[in-house]
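Presented below is the structure to which this report refers.
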Amino acid sequence: MGNGEKISPGQMSVLFFIYLTGSSIINIPQPLISFANNGAWLSLILAYLLSLSFLGCILYMHGKYPDLSFIEYSKKTVGTWMTVLLAIPFISFQFHMTTGIVIDIGLFMTTTLMRETPIYVFNSLIFILIYVTVRMGIDVMARMFVLLTAMVMVYVILILTLASFNYHPSYLLPVMPFGFKPILFGSYFSYGFPYVEIFLFSMILPFVSRNQNKPLKRGLFLALSINALSLITVTLCTIMTYGPIAGERKYSMFQLARTVEFYELFQRIESLIGISLIVASYMKATIVIFALNLTFTHLFNLQNSRLLILPLTMICCLLSFTTPVKGEAFWGNLVSFIHPLWGTIGYLLPIAMVLLVHVVKRKSKSDLPSND
């Protein structure tokens with residue numbers, strides 16, 4: 001890995017959890033409910049079941065090449081030039097992800113909390129923070145993110161608990177008012193965000209010590225399950241609070257927090273969710289930039305793993321300035337419809353191709369003795 005940094009399976013599991021949960025826990029419920037109505041939670045279950053196979057794929061390849069990232073074992077499996085071709089969509093989706101996460105923070109801040117402040121102010125500050133964090137290395141990131149993740153989840157649980165006075169379980173029925181087709185469409189959306197993004201961790205898994213394979217598998221599958229449970233819970237709570245108009249309440253967790261008025265002690269606590277969104281999205285964007293830098297480092301065999309962090313962060317920052325010019329509706333359409341397709345081409349297909357070639361080569365090698 002060049003710099004010899006290693007983290008524990010528990011820390012990797014926390015990074016994996018916050019990477020999947022970061023920006024999704026506040027952004028997923030509203031569009032998902034608008035697509036799948038009351039069956040949104042069923043869409044999440046279908047996407048989660050599919051994501052188990054995704055995680056199985058990257059853990060299988062990690063088991064075969066425990067010290068190598070996706071780019072490195074792709075070179076060994078399909079050759080350097082084929083890896084360069086596969087890396088083009090792989091890298092493009094990482095740029096899109098980083099830009100999107102930070103734009104989400106900016107849009108949230110400019111539409112809910114600080115309407116008069118230009119979006120580029122938030123984008124610039126977040127990217128400066130991301131750059132500094134990635135420079136510190138994955139061991140510092142892992143230690144810091146464990147505490148921040150705990151803080152975010154405590155705030156989320158607190159809001160969901162306090163908002164429970166406004167829940168109406170009767171709003172959950174009927175589950176499938178328009179049949180199964182909207183649920184499938186909701187599954188397509190939640191498959192693209194966040195579950196197809198699992199494949200990015202094929203770049204980061206080698207940072208776990210080699211002899212930690214079993215606890216790593218347990219930890220990652222547990223993190224994935226807790227993530228699915230968290231998203232389903234937030235979605236159900238949103239439906240129980242807002243009923244037929246739940247699909248129109250953008251930033252659902254923030255809207256739930258605004259309903260909390262419990263005596264004079266708990267009022268206007270939506271700022272807690274604002275903080276949680278910013279912190280969780282910052283952690284996810286940091287992980288993506290870290291993986292993006294690693295992708296270029298391994299692709300071009302660079303000796304200095306920190307050489308490209310600044311230029312890559314600056315490129316993402318510039319992209320975040322240009323995209324919102326087209327408007328929030330354009331961005332919502334991009335995330336809902338194009339993002340899952342882009343994720344399939346950028347993440348799923350390259351890794352599936354390398355996995356297939358690896359299995360075919362292994363099978364042909366095992367057949368050789370019987371042919372002699």
Side-chain angles (χ1 to χ4, degrees), residues 18 21-38 40-41 44 101-119 121-122 125-126 148-172 186 189-190 193-194 227 229-284 324 327-329 331-332 335-336:
I18 201 62
T21 311
S23 55
S24 63
I25 199 162
I26 196 166
N27 285 312
I28 269 191
Q30 180 263 328
L32 184 59
I33 295 166
S34 69
F35 295 143
N37 302 292
N38 285 11
W41 59 280
L44 282 168
I101 295 161
V102 178
I103 286 172
D104 271 339
I105 298 173
L107 287 174
F108 171 74
M109 294 299 290
T110 53
T111 55
T112 56
L113 295 175
M114 301 174 73
R115 297 172 188 271
E116 301 300 317
T117 311
I119 193 171
V121 173
F122 302 111
L125 290 172
I126 292 291
L148 292 176
T149 302
M151 182 200 79
V152 168
M153 293 314 294
V154 165
Y155 284 168
V156 168
I157 292 166
L158 177 68
I159 298 298
L160 293 179
T161 305
L162 293 175
S164 62
F165 295 98
N166 301 311
Y167 294 164
H168 303 281
S170 59
Y171 286 162
L172 295 173
F189 168 71
S190 48
F193 174 56
N227 161 263
L229 186 63
S230 303
L231 296 181
I232 289 167
T233 303
V234 171
T235 303
L236 287 172
C237 291
T238 304
I239 295 170
M240 285 193 290
T241 303
Y242 292 107
I245 61 165
E248 300 166 18
R249 310 301 290 184
K250 196 164 173 59
Y251 305 117
S252 305
M253 278 298 302
F254 184 77
Q255 299 295 343
L256 282 175
R258 295 182 76 172
T259 67
V260 174
E261 284 191 13
F262 189 60
Y263 299 112
E264 291 186 5
L265 182 63
F266 295 110
Q267 289 188 1
R268 308 295 297 170
I269 60 170
E270 60 265 26
S271 55
L272 292 180
I273 285 300
I275 294 165
S276 299
L277 167 78
I278 295 162
V279 171
S281 297
Y282 144 72
M283 287 191 280
K284 180 172 181 176
E328 195 176 340
W331 187 248
V335 173
S336 301

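In what follows, every heavy atom counts, from backbone to side chain, and hydrogens, waters and symmetry copies are set aside. Source: prediction; values computed, not measured.
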inquiry  = Walk me through whether L172 and M240 qualify under side chain to side chain contact (heavy atoms under 4.5 Å, CB included).
reply    = CA-CA 6 Å; L172 295 173; M240 285 193 290; 3.7 Å; yes
task = Evaluate the side chain to side chain contact (heavy atoms under 4.5 Å, CB included) criterion for residues F122 and I103: first the C-alpha distance (whole Å), next the side-chain angles of each, then the deciding distance (0.1 Å), finally the verdict.
result = CA-CA 9 Å; F122 302 111; I103 286 172; over 6 Å; no
ask   = Could you go step by step and tell me if I278 and M109 meet the side chain to side chain contact (heavy atoms under 4.5 Å, CB included) rule?
value = CA-CA 9 Å; I278 295 162; M109 294 299 290; 3.5 Å; yes
task = Given side chain to side chain contact (heavy atoms under 4.5 Å, CB included), test M253 with C237 step by step and report yes or no.
result = CA-CA 9 Å; M253 278 298 302; C237 291; over 6 Å; no
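Atom CE of M114 has 12 or fewer heavy atoms from other residues, nucleotides or ligands within 6.0 Å.
Of the possible donor and acceptor atoms, none in the side chain of T21 sits under 3.5 Å from a partner among the backbone N and O of I18. Looking only at distances, a side-chain donor or acceptor of Q30 sits under 3.5 Å from a matching main-chain atom of G247.
Contact between G22 and I25 at its shortest, heavy atoms only, is O-CG2, 4.0 Å. Listed here is the closest heavy atom pair of S276 and Y155: OG-CD1, 3.1 Å. Of all the heavy atoms in T110 and L107, the pair that sits closest is OG1-O, 3.3 Å. The heavy-atom pair separating A40 from T235 by the smallest distance is CB-CG2, 3.6 Å. When all heavy atoms are compared, the tightest approach of I273 to A257 is CG1-CB, 4.0 Å.
With a 4.5 Å cut-off on side-chain heavy atoms, P194 and I28 count as touching. Annotation: side chain of N27 is in contact with side chain of F193 (closest heavy-atom distance under 4.5 Å). When side chains are defined from C-beta on, V121 counts as touching P118, because their heavy atoms get closer than 4.5 Å. You'll find the side chain of L231 reaches within 4.5 Å of the side chain of S24, heavy atoms only. Between M283 and L148, the closest side-chain pair of non-hydrogen atoms falls below 4.5 Å. R249 is not listed as a side-chain neighbour of I33, based on a closest heavy-atom distance of 4.5 Å or more.
For the side chain to side chain donor-acceptor pair (under 3.5 Å) test, no residue two or more places apart in sequence or in another chain qualifies with N38. Take T259 and apply the side-chain contact (heavy atoms from CB on, under 4.5 Å) test, not counting sequence neighbours, and it matches A163, N166, T241, Y242. Taking F108 as the reference, Y251, F254 meet the ring pair (Phe, Tyr, Trp, His ring centres under 6.0 Å) condition, with sequence neighbours excluded.
S23 and D104 share no donor-acceptor pair across their side chains, judged by distance under 3.5 Å alone.
If you take CE on M153 and CG on L160, they are separated by 8.5 Å, rounding to the nearest 0.5 Å. In this structure, the separation between CD1 on I245 and CD1 on I239 is 12.5 Å, given to the nearest 0.5 Å. To the nearest 0.5 Å, atom CG of residue L272 and atom CD1 of residue I159 are 5.5 Å apart. In this structure, I101 CD1 and I105 CD1 are separated by 8.0 Å, a value rounded to the nearest 0.5 Å. The distance from the CZ atom of R258 to the OG1 atom of T112 is 8.0 Å, given to the nearest 0.5 Å. Distance check, rounded to the nearest 0.5 Å: CG of L256 to CD1 of I26 gives 9.5 Å.
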